[in-house]
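Worth knowing before you read on, the calculation uses all heavy atoms, side chains too, and leaves out hydrogens, waters and symmetry mates.
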Amino acid sequence: MVKTLMLILTTVLITGAVPFADAAAQLKSGVYYITQSWAQETAFKRPYYVSVPESADQQKFPVFIFLHGNGGNAKDAMNGFMKRHPTMASRYVMVFADGYKASWNIVSERSQADDLGFIEAIVKKLSTYDNIQKDNFSVMGNSNGAALVNQLAIESKLPNLRNYVSAVSPLNVYQHDGKNFKAKGADNNYQAVATPMTGKRLMNISGTTDNLVPYRGGPSKHIPAKSGKLGFVDAEESIFLWAKQMGYDGEKLSKPTRIDDNLEIFSYLNGDVIHYKVVNEGHGASRAISEKILFEFLEGNEREK
């Protein structure tokens, strides 16, 4: 029997050069921890890595949280993402969370941790610092990390979270059964109907030749589920479901709003809900999205053209 998931409110900064009194007011770069207990661990310290831009004044920064894919880790994700996104790194507090056993608990992964609680605890903690824009948090995930982004968008009631970006993982069939969004539940059975918060902005990126997460939906060839392989919602249907939840009352787009080389863009609600169809790209399709595209979406500057 799965033990009740319990989040212990403990956050520790291990960067010895930062005085504790200063850390309480101004968030500094370093490694922080959330301590959690669940069926697999007791009082387990889960790290997240923070990079704060240098600033000579008392500037308040927006926060960008990145969730690595299955088999990845926060350190490698931080090194790669920061190098590829220097403008964002100079304007955002960049946060890279570490999944337990290199995974995020969605359906049948190695981790059984309360990952939704983990990310929410990070958001709540960072919101207490004076140099943080408390209502301007964005979270982006790749693959398995994107599945957690979807679950956060489905279940989280935190007002701080503004933007959700899912790379190469639209909704899976547990998260939306064709009629309703579903809460994960402690045993990953996805039985309870969930009502996602409105007023959120969402971007999805999916590749048409993805052999791991099929663009047109259906079961993955490789990702396990409780019985068989994990099924996915068609990528264009997935973004339409999100658009309807966010207030769109029109028809599903049958053609892209615009085309830019191998990017076919499906834009709803004036760009607040948007899908990038990356033609002839596989599970690495997020590489086709430039820093400029991502940055403009986060800033709210992506608009239908």
- request: Please check if the distance between the ring centroids of F64 and F81 is under 6.0 Å.
  value: yes
field: I265 side, atom CD1; M203 side, atom CE - distance, nearest 0.5 Å
entry: 9.5 Å
- prompt: Does the side chain of S238 reach to within under 4.5 Å of the side chain of F232, using non-hydrogen atoms?
  reply: no
message: Run the side chain to side chain donor-acceptor pair (under 3.5 Å) test on S138 and N163 for me, step by step, so that the C-alpha distance in whole Å, both residues' side-chain angles and the decisive distance to 0.1 Å come before the verdict.
response: CA-CA 5 Å; S138 301; N163 300 311; 2.9 Å; yes
query: Would you say the side chain of I289 lies within less than 4.5 Å of the side chain of L263, judging by non-hydrogen atoms?
result: yes
message: Quick check for you: to the nearest 0.5 Å, what is the distance between D260 atom CG and Y276 atom OH?
response: 8.5 Å
- prompt: Counting only heavy atoms not in K229, do more than 12 sit closer than 6.0 Å to its NZ atom?
  reply: yes
task: List the atom of L158, the atom of K200, and the distance in Å for their closest heavy-atom pair.
output: O-NZ, 3.5 Å
query: More than 12 foreign heavy atoms under 6.0 Å from CZ of R216: is that the case here?
result: yes
Donor-acceptor contact present, side-chain D210 to main-chain L212, <3.5 Å: yes
- request: Using the side-chain contact (heavy atoms from CB on, under 4.5 Å) rule, pick out the option among I65, L27, N131 that qualifies with V93.
  value: L27
task: Is it possible for you to say whether F295 and M82 belong to one hydrophobic cluster, with membership spreading through side-chain heavy-atom contacts below 4.5 Å?
output: yes
query: In terms of side-chain geometry, is the basic nitrogen of K184 or E155 positioned less than 4.0 Å from the acidic oxygen of its partner?
result: no
message: To the nearest 0.5 Å, what is the distance between OG1 on T128 and CG on L126?
response: 7.5 Å
- line: Between the CG atom in N150 and the NE2 atom in H176, the distance rounded to the nearest 0.5 Å is 11.5 Å
- request: Taking the six-membered ring for Trp and the full ring for Phe, Tyr or His, determine whether the centres of Y32 and Y48 are under 6.0 Å apart.
  value: yes
task: For side chain to side chain contact (heavy atoms under 4.5 Å, CB included), just list the numbers for S286 and N142, CA-CA rounded to whole Å, side-chain angles, deciding distance to a tenth of an Å, and then say yes or no.
output: CA-CA 8 Å; S286 62; N142 186 64; 3.7 Å; yes
query: Are any non-hydrogen side-chain atoms of T35 and F44 less than 4.5 angstrom apart?
result: no
- prompt: Counting only N and O atoms by type, is there a donor-acceptor contact under 3.5 Å from the side chain of T198 to the main-chain atoms of M246?
  reply: no
- prompt: side chain to side chain donor-acceptor pair (under 3.5 Å): which pairs involve residues 86-103, sequence neighbours left out?
  reply: E41-Y100, T87-E291, Y92-E299
task: Search all heavy atoms of L298 against all heavy atoms of V165 and return the closest pair with its distance.
output: CD2-CG2, 4.3 Å
field: Check: H68 main-chain N/O paired with W104 side-chain donor or acceptor under 3.5 Å
entry: yes
message: Minimum heavy-atom separation for H283 and S143, please, with both atom names.
response: NE2-OG, 2.8 Å
field: Trace of the side chain to side chain donor-acceptor pair (under 3.5 Å) decision for N105 with N188
entry: CA-CA 9 Å; N105 180 16; N188 292 18; 2.8 Å; yes
message: Between the side chains of R46 and D115, is the shortest nitrogen-to-carboxylate-oxygen separation below 4.0 Å, so that they form an ion pair?
response: yes
- request: Report the C-alpha distance between V63 and Q133 in whole Å, list the side-chain angles of each, state the deciding distance to 0.1 Å, and finish with yes or no for side chain to side chain contact (heavy atoms under 4.5 Å, CB included).
  value: CA-CA 7 Å; V63 177; Q133 294 180 16; over 6 Å; no
query: Where do K179 and D177 come nearest, in terms of heavy atoms and distance?
result: N-OD1, 2.9 Å
- request: Determine whether V31 and F96 fall in the same hydrophobic cluster, where Ile, Leu, Val, Met, Phe, Trp and Tyr are linked whenever their side-chain heavy atoms lie under 4.5 Å apart.
  value: yes
message: For I154 and L171: C-alpha separation, side-chain torsions, deciding distance, then whether side chain to side chain contact (heavy atoms under 4.5 Å, CB included) applies.
response: CA-CA 10 Å; I154 291 169; L171 292 164; 4.0 Å; yes
- request: May I ask you to decide if F297's main-chain N or O and R201's side chain share a donor-acceptor pair within less than 3.5 Å?
  value: yes
Check: R110 main-chain N/O paired with Q40 side-chain donor or acceptor under 3.5 Å: yes
- line: Closest heavy-atom pair, L161 versus S156, reported as atoms and distance to 0.1 Å, is CD1-OG, 3.7 Å
message: side chain to side chain contact (heavy atoms under 4.5 Å, CB included), that's the test. Do D135 and N160 meet it? Break it down for me.
response: CA-CA 4 Å; D135 60 348; N160 319 75; over 6 Å; no
same_hphob_cluster(I239, M197) at 4.5 Å side-chain heavy-atom cutoff: no
- prompt: Between the main-chain N or O of K182 and the side-chain N or O of Q151, is there a donor-acceptor pair closer than 3.5 Å?
  reply: yes
message: With a 4.5 Å cut-off on side-chain heavy atoms, are N262 and E281 touching?
response: yes
query: Near K157 NZ, under 6.0 Å, is it more than 12 heavy atoms from other residues, nucleotides or ligands?
result: yes
- prompt: Does V168 belong to the same Ile/Leu/Val/Met/Phe/Trp/Tyr cluster as L230, with side-chain heavy atoms less than 4.5 Å apart forming each link?
  reply: no
task: Kindly determine whether N270 and D272 satisfy side chain to side chain donor-acceptor pair (under 3.5 Å), including the steps that lead there.
output: CA-CA 6 Å; N270 203 27; D272 283 344; over 6 Å; no
field: Exam field: side chain S166 to backbone P170, donor-acceptor pair closer than 3.5 Å
entry: no
message: Is it the case that the side chain of S169 and the backbone of N144 share a donor-acceptor pair, with hydrogens and angles ignored and the cut-off at 3.5 Å?
response: no
field: Nearest heavy atoms of A97 and L67, plus distance in Å
entry: CB-CD2, 4.0 Å
message: Counting the benzene-type ring for Trp, do F118 and W38 have ring centres under 6.0 Å apart?
response: no
message: Measuring only between side-chain heavy atoms, which start at C-beta, is Y129 closer than 4.5 Å to K134?
response: no
Cluster check Y49, Y33: I/L/V/M/F/W/Y, side chain < 4.5 angstrom: yes
- request: Flag the pair W242 / H275 as yes when their ring centroid distance falls below 6.0 Å, and as no otherwise.
  value: no
Separation of E120 CD from D114 CG (nearest 0.5 Å): 8.0 Å
- prompt: When rounded to the nearest 0.5 angstrom, what is the spacing between CG in L241 and CD in E236?
  reply: 12.0 Å
- request: Check for a donor-acceptor pair, side chain of S29 on one end and backbone N or O of V52 on the other, with a separation under 3.5 Å.
  value: yes
message: Show, in sequence, the C-alpha distance, side-chain angles and deciding distance for N73 and D76, and conclude whether the side chain to side chain donor-acceptor pair (under 3.5 Å) test is met.
response: CA-CA 6 Å; N73 62 77; D76 289 346; 3.0 Å; yes
query: Do Y268 side-chain atoms and L253 backbone N/O form a donor-acceptor pair below 3.5 Å?
result: yes
